[in-house]
Amino acid sequence: MRTHLRRPAAVSLLLVGVVVVAGCSSGDDPGRTEAAAPSASAPGLSAADRLAGEQDGTATHGPTAGPTAGPTAAPAPGGSVPVGPVRPDAALTPATGSFTQREKEYLSGRVPRAVDPAAVLDVGKETCQRIARTAKHDKDAAAAAVVAGDLRDAGDAVTHLCPDQRPVLDAAAGGYPDGTHASPAAGRYRTASARPGCSWQVTDAQGTQLAGGPAPGAAGDRHTLTVPAGAARFVSTGCYAWLRA
């Protein structure tokens, strides 16, 4: 079960700024985003959020809920699978021009029949822009956002549309977002931008605590933890995301 995440203020401000810039840069062809998912066009939603609602079959009244944390590690979120029928690969053609081979690979299996393929591609490009702009300022913040699920379809977007951002995915691989995780992988982890209330606990199958924190008197947003072999449960609250140390 995944739970809604609240990113730390520092990362939130950074990503909000990135979205604004990305939105401006994607305005070269306004017709492309306007074609996305008429059924998910509630007021207050961005083009990316409207399309996300169409792809996932989520409610479309007001801003969509953010990504949620699950019971397993989030090394590099892959592509989301649209709910309902999708366009066959042969029908993935833009109104004008053509898609590159990499763009076709990104779009394959992810374009709902009622959605313009170009709008889906724009969402992937926006994700690439957000990763690049965030990583330029703070690579750890970009990797943490990937782990936390704040960068939609980051794995597929990087693989097909911006492979130069592979180092961010590599840094995110094997990380854990806030939430409850069963059978966490043994190893050492670190936070990138935890909130002041960050706390965690690692227990075995009998519920005995194997590790926990923060230590008394600890301050700042950087913490480390070691998950021992045989751990059965890892719970993180207010830490945003854990990266492999």
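We count residues from 1, following the sequence as given.
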Would T159 and R166 count as a side-chain hydrogen bond (donor to acceptor under 3.5 Å, both in side chains) here? Give the steps. CA-CA 7 Å; T159 299; R166 172 60 61 178; 3.2 Å; yes
How long is the gap from [atom1] on [X] to [atom2] on [Y], to the nearest 0.5 Å?
| X | Y | atom1 | atom2 | answer |
| --- | --- | --- | --- | --- |
| L169 | C162 | CG | SG | 8.0 Å |
| Q165 | T134 | CD | OG1 | 9.5 Å |
| Q129 | L151 | CD | CG | 12.0 Å |
| R133 | C128 | CZ | SG | 12.0 Å |
| Q201 | F234 | CD | CZ | 10.5 Å |
| L225 | S236 | CG | OG | 8.0 Å |

Residues, nucleotides or ligands: over 12 heavy atoms within 6.0 Å of R190 CZ: yes
With a 3.5 Å distance limit and no angle check, can you tell me whether D178 reaches the backbone of C239 through a side-chain donor-acceptor pair? yes
Between E103 (side chain only) and T100 (backbone N and O only), is there a donor and an acceptor less than 3.5 Å apart? yes
Derivation and outcome, side-chain contact (heavy atoms from CB on, under 4.5 Å), residues T224 and R188: CA-CA 7 Å; T224 60; R188 191 167 178 79; 3.3 Å; yes
Measure across [X] and [Y] and return the closest heavy-atom pair with its distance rounded to 0.1 Å.
| X | Y | value |
| --- | --- | --- |
| A185 | R244 | CB-NH2, 3.4 Å |
| A172 | V147 | O-CG2, 3.4 Å |
| V111 | L92 | CG2-CD2, 3.7 Å |
| G124 | L161 | C-CD1, 3.6 Å |
| A145 | Y240 | CA-OH, 3.4 Å |
| L243 | A192 | CD1-CB, 4.2 Å |

Ion pair check, D140 and R222, cut-off under 4.0 Å: yes
Thinking salt bridges, do E105 and R110 make one under a 4.0 Å N-O criterion? no
Side chains of D153 and T127: donor-acceptor distance under 3.5 Å anywhere? no
Would you call the rings of W200 and H223 parallel, tilted or perpendicular if under 30° counts as parallel and over 60° as perpendicular? tilted
I would like to know whether T208 and T203 meet side-chain contact (heavy atoms from CB on, under 4.5 Å); could you show each step before the answer? CA-CA 5 Å; T208 302; T203 55; over 6 Å; no
Find out if a path of hydrophobic residues (ILVMFWY) with successive side-chain heavy-atom gaps under 4.5 Å connects V202 to V235. no
Checking side chain to side chain contact (heavy atoms under 4.5 Å, CB included) between P184 and each of Y176, W242, Y189, which is the one that passes? Y176
Hey, are the side chains of V120 and V115 touching, using non-hydrogen atoms and a 4.5 Å cut-off? yes
